[in-house]
Chemist: 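If you scroll down you'll find the structure; I have some questions about it.
Numbering of residues begins at 1 and proceeds along the displayed sequence. The figures here come from the full heavy-atom set of this structure, side chains too, leaving out hydrogens, waters and symmetry mates.
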Amino acid sequence: MDSASAPRAERHATSATERQFWFAERIAPGSPAWRVLSTVRIDGVPDRPALAAAAARVVARHPALRSVFAPVAGELWRTTVPPVAPPLLELPPGTGFDAAARQLARTELLDPATGRHVVLALAEDRGGAPGATLYVLTHHLVYDGLSHEVFTADLALAHARVVAGEGEAAPLTRPAPRPPDAARRAELASYWRTALDGMPDLPGDGDGPTQRQLACAELRCRAVPFPDGAGATAREAARRSACPPFAVLLTAYAQALYDLCGAEDFCVGVPVSTRTPDLADAIGCLLTTLPVRIQRPAGPRAHERGWQTLAGGLLHMDLPQDDLIRAVRTRPGRRMPLYQALFAYESWQRPVHDAGPVRMRSEPVVPLGAQAEVLFQLNELPGHRLAGMLQAPAGGFWAGRLAKLAEAVQHRLALLSGEEGRPAAPESSGLFQPVPTTSTEENAR
């Protein structure tokens with residue numbers, strides 16, 4: 001890299017989400033919950049030196065991947081440093097995700113304190129087939145799900161340029177976050193206090209786990225398959241109700257939680273991108289988690305009410321989450337504040353990228369550790385296919401209920417996607433027992 005294109009050292013204030021993951025690392029150092037293991041599928045014979053050089057160019061291009069986070073005078077700052085070329089490890093041919101996660105999740109090669117944010121590991125296909133899987137280990141402090149698509153696209157472009165002997169792209173700059181002024185902050189805090197007033201926690205075992213206990217717990221997972229076309233029928237149901245498919249899918253999850261625990265009033269945390277147009281091609285943890293209050297989940301037109309609630313939250317999402325928690329949480333407790341369940345939905349396109357002699361494409365990111373007491377991740381794949389995954393910490397309230405929760409999600413989505421676009425009275429399948437509602441709206445039907 002020549003001096004003209006070398007990235008400059010800069011110091012910026014951190015976002016609320018960056019502060020959240022920095023403090024989380026202090027609470028449970030090295031926890032898989034704060035690590036992100038993503039995959040890039042490579043079609044063709046990988047060239048290791050070219051791949052390593054391309055990855056170094058991607059790290060140099062993105063400020064988040066060459067930053068050190070440290071407190072100064074009581075505030076957390078992000079300072080860019082000279083880029084560190086990521087190591088490229090070699091895994092046995094055919095190494096799958098679980099095996100790669102066991103080998104990489106706690107590696108000391110990843111060290112956000114010194115600006116080492118990326119570790120790569122390559123596993124070629126078995127039998128000498130012309131293909132490989134590249135595992136990309138990062139820290140959630142600097143990487144979210146959409147960042148992986150950006151990383152893959154930039155890696156492919158950089159790989160093509162390395163192979164062709166061309167120079168590297170200019171480094172990006174990343175604007176500092178602009179917090180709301182005092183008047184807007186007061187307006188936002190008032191909105192959230194009203195929206196979440198009197199909201200109870202999701203039912204669980206006793207006092208529930210602390211955030212540190214969640215981060216250190218072993219993870220239990222359950223796949224949630226859906227029939228072909230489930231995404232298309234959910235979209236059609238959403239169209240009939242003039243709301244996005246996300247509202248139908250979130251409601252199916254909320255109703256499934258209700259079916260198993262009987263909660264009529266609770267919050268589901270929903271990760272939402274904070275990317276502005278000037279950050280569309282940036283890597284970083286550019287998201288916030290909105291608390292979406294779910295009330296009367298089994299009542300009619302629940303998905304439309306859920307969408308209205310989420311839309312209100314989106315209009316008031318600029319309150320930093322640490323300020324939101326301080327404004328709303330009025331009672332002490334061990335459990336995660338505001339929400340104990342998460343719903344993560346990935347629906348963006350994952351095109352095949354030309355990387356010179358090979359092709360690359362990103363694959364959906366699967367969490368390595370417990371992010372909440374129960375999490376439902378849903379990916380929309382090409383052809384509007386849906387693939388879901390439920391996760392809960394071992395020993396927790398939901399760990400032994402994941403199979404029934406999976407079937408409840410499938411059942412509720414099928415009902416919501418029916419001709420009326422609203423839940424019907426579910427028939428007992430013997431696999432889960434819906435709890436009867438006593439809400440005023442339901443009794444008035």
Chemist: Rounded to the nearest 0.5 Å, how far does CD of Glu168 lie from CG of Asp154?
Modeler: 12.0 Å
Chemist: How about Leu91 and Tyr135: do any of their side-chain heavy atoms sit closer than 4.5 Å?
Modeler: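 Touching, per the 4.5 Å side-chain cut-off.
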Chemist: Go through the steps for Val84 and Val59 under the test side chain to side chain contact (heavy atoms under 4.5 Å, CB included), then give the verdict.
Modeler: CA-CA 7 Å; Val84 177; Val59 170; 5.8 Å; no
Chemist: Does either side chain, that of Ser241 or that of Glu304, offer a donor lying less than 3.5 Å from an acceptor on the other one?
Modeler: yes
Chemist: Should the pair Arg296-Asp265 be classified as a salt bridge under the 4.0 Å nitrogen-to-oxygen rule?
Modeler: no
Chemist: Between Leu405 and Val374, is any pair of side-chain heavy atoms under 4.5 Å apart?
Modeler: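 In short, these two side chains touch, coming nearer than 4.5 Å.
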Chemist: One pair to check against side chain to side chain contact (heavy atoms under 4.5 Å, CB included): Gln255 and Leu416. What are the steps and the verdict?
Modeler: CA-CA 10 Å; Gln255 290 179 340; Leu416 285 166; 3.7 Å; yes
Chemist: Given the rule in the side chain to side chain contact (heavy atoms under 4.5 Å, CB included) test, do Leu386 and Leu378 qualify, once you have shown the distances and angles that lead to the verdict?
Modeler: CA-CA 7 Å; Leu386 299 178; Leu378 189 62; 4.2 Å; yes
Chemist: Minimum heavy-atom separation for Ala85 and Ala56, please, with both atom names.
Modeler: CB-CB, 4.0 Å
Chemist: When you compare the side chain of Leu368 with that of Val36, does any pair of heavy atoms fall below 4.5 Å?
Modeler: no
Chemist: According to the interplanar angle, ranging from 0 to 90°, do the rings of Phe376 and Tyr253 count as parallel (below 30°), tilted (30 to 60°) or perpendicular (above 60°)?
Modeler: tilted
Chemist: Does the salt bridge (charged side-chain N to carboxylate O under 4.0 Å, His left out) test come out yes or no for Asp111 and Arg116, once each step is laid out?
Modeler: CA-CA 5 Å; Asp111 184 12; Arg116 293 184 291 165; 3.5 Å; yes
Chemist: Determine whether Val272 and Thr289 make a side-chain contact, defined as any pair of heavy atoms from C-beta on separated by less than 4.5 Å.
Modeler: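 A side-chain contact under 4.5 Å is absent here.
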Chemist: Show the numbers, then the answer: is there a side chain to side chain donor-acceptor pair (under 3.5 Å) between Thr39 and Glu363?
Modeler: CA-CA 6 Å; Thr39 56; Glu363 296 185 343; 3.1 Å; yes
Chemist: Report the relative orientation of the aromatic rings in Phe246 and Tyr345; use parallel for angles under 30°, tilted for 30 to 60°, perpendicular for over 60°.
Modeler: tilted
Chemist: How close do Ala55 and Leu120 get, heavy atom to heavy atom, and via which atoms?
Modeler: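 Scanning both residues, the minimum pair turns out to be CB-CD1, 3.3 Å.
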Chemist: Find the distance between CZ (Arg19) and CZ (Arg78) and round it off to the nearest 0.5 Å.
Modeler: 12.5 Å
Chemist: Do you know which two heavy atoms are closest between Pro297 and Glu264, and how far apart they sit?
Modeler: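 Nearest pair, atom of Pro297 first, then Glu264: CD-O, 3.7 Å.
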Chemist: Does a side-chain heavy-atom distance below 4.5 Å link Phe226 with Leu413?
Modeler: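 Of all side-chain heavy-atom pairs linking Leu413 with Phe226, at least one is under 4.5 Å.
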Chemist: Charged N to carboxylate O below 4.0 Å: is that the case for Arg235 and Glu380?
Modeler: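 Looking at Glu380 together with Arg235, the answer is yes, because their closest N to O distance falls below 4.0 Å.
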Chemist: Regarding Asp322 and Gln20, do their side chains bring together a donor and an acceptor under 3.5 Å, going by distance alone?
Modeler: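 Distance-only check fails for Asp322 and Gln20.
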Chemist: State whether Asp144 and Arg275 are salt-bridged, where the test is any N-O pair (Lys NZ or Arg NE/NH1/NH2 against Asp/Glu carboxylate O) under 4.0 Å.
Modeler: yes
Chemist: Distance alone, cut at 3.5 Å: any donor-acceptor contact between the side chains of Ser38 and His148?
Modeler: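 Per modelled atom types, Ser38 and His148 side chains form a pair under 3.5 Å.
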Chemist: State, with a plain yes or no, whether a side-chain heavy atom of Glu25 is found less than 4.5 Å away from one of His139.
Modeler: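 Yes, their side chains come closer than 4.5 Å.
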Chemist: Keeping Arg222 on the side-chain end and Leu402 on the backbone end, is there a donor-acceptor pair under 3.5 Å?
Modeler: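 Judged by distance alone, no pair lies under 3.5 Å.
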Chemist: Take Leu338 and Ile325 through the side chain to side chain contact (heavy atoms under 4.5 Å, CB included) test and state the conclusion after the steps.
Modeler: CA-CA 7 Å; Leu338 306 185; Ile325 293 173; 3.7 Å; yes
Chemist: With no hydrogens and no angle check, is any side-chain donor or acceptor of Ser147 less than 3.5 Å from a backbone partner on Gly284?
Modeler: yes
Chemist: I'd like to know if the side chain of Asn379 and the backbone of Leu381 have a donor-acceptor N/O pair within less than 3.5 Å.
Modeler: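 Flag not set: sc Asn379 to bb Leu381 has no pair under 3.5 Å.
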Chemist: If you take all heavy atoms of Ala170 and Arg61, which pair is closest and at what distance?
Modeler: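 Nearest pair, atom of Ala170 first, then Arg61: O-NH1, 2.6 Å.
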Chemist: For Ala33 versus Ala370, what's the shortest heavy-atom pair and its separation?
Modeler: CB-O, 3.5 Å
Chemist: Taking atom CE of Met360 and atom CG of Leu51, what is their separation to the nearest 0.5 Å?
Modeler: 5.5 Å
Chemist: With distance as the sole test, does Trp192 use its side chain to make a donor-acceptor pair with the main-chain N or O of Leu319 at under 3.5 Å?
Modeler: no
Chemist: Before accepting this row, confirm whether a basic side-chain N of the pair Arg335/Glu373 lies closer than 4.0 Å to the acidic partner's carboxylate O.
Modeler: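 Here Arg335 pairs with Glu373 in a salt bridge, since their nearest N and O are under 4.0 Å apart.
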Chemist: Would a distance-only check, ignoring hydrogens and angles, find a side-chain to backbone donor-acceptor pair under 3.5 Å from Arg26 to Trp22?
Modeler: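 At least one qualifying donor-acceptor pair exists.
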Chemist: Measure from the side-chain N and O atoms of Ser190 to the backbone N and O of Ala186, and report whether any donor-acceptor pair falls under 3.5 Å.
Modeler: no
Chemist: Is the Lys NZ or Arg CZ of Arg305 less than 6.0 Å from the centre of Trp307's six-membered ring, within 45° of the axis?
Modeler: no
Chemist: With distance as the sole criterion, is a donor-acceptor pair present between the side chains of Glu407 and His411 under 3.5 Å?
Modeler: no
Chemist: Report yes or no: is the cationic atom of Arg401 (NZ for Lys, CZ for Arg) closer than 6.0 Å to the six-membered ring centre of Phe397, at no more than 45° off its axis?
Modeler: yes
Chemist: What is the minimum heavy-atom distance between Val150 and Ala282, and which atoms define it?
Modeler: CG2-O, 4.0 Å
Chemist: Start with the C-alpha distance between Arg361 and Asp43, add both sets of side-chain angles, then the distance that settles salt bridge (charged side-chain N to carboxylate O under 4.0 Å, His left out), and finish with yes or no.
Modeler: CA-CA 9 Å; Arg361 66 178 185 275; Asp43 297 326; 2.9 Å; yes
Chemist: Would you say that Pro180 contacts Pro320 through its side chain, given a criterion of any heavy-atom pair below 4.5 Å between the two side chains?
Modeler: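 In short, these two side chains touch, coming nearer than 4.5 Å.
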Chemist: To the closest 0.5 Å, what do you measure between CZ (Arg350) and CZ (Arg41)?
Modeler: 16.0 Å
Chemist: Is any side-chain heavy atom of Val136 less than 4.5 Å from a side-chain heavy atom of Leu155?
Modeler: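 Result no, sub-4.5 Å side-chain heavy-atom pair not found.
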Chemist: Considering only NZ, NE, NH1 and NH2 on the basic side and carboxylate oxygens on the acidic side, decide whether Arg385 and Asp228 come within less than 4.0 Å.
Modeler: no
Chemist: Measure the CZ-SG distance between Arg293 and Cys267 for me, rounded to the nearest 0.5 Å.
Modeler: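 Here the rounded value is 7.0 Å.
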Chemist: Any donor and acceptor pair, going by atom type alone, linking the side chain of Ser273 with main-chain N or O of Leu287 inside 3.5 Å?
Modeler: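 Side chain of Ser273 to backbone of Leu287, a donor-acceptor pair under 3.5 Å: no, none is there.
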Chemist: Do His12 and Glu18 pair up side chain to side chain, a donor and an acceptor below 3.5 Å, judged on atom types alone?
Modeler: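 No pair is found: no donor N or O on one side chain lies under 3.5 Å from an acceptor on the other.
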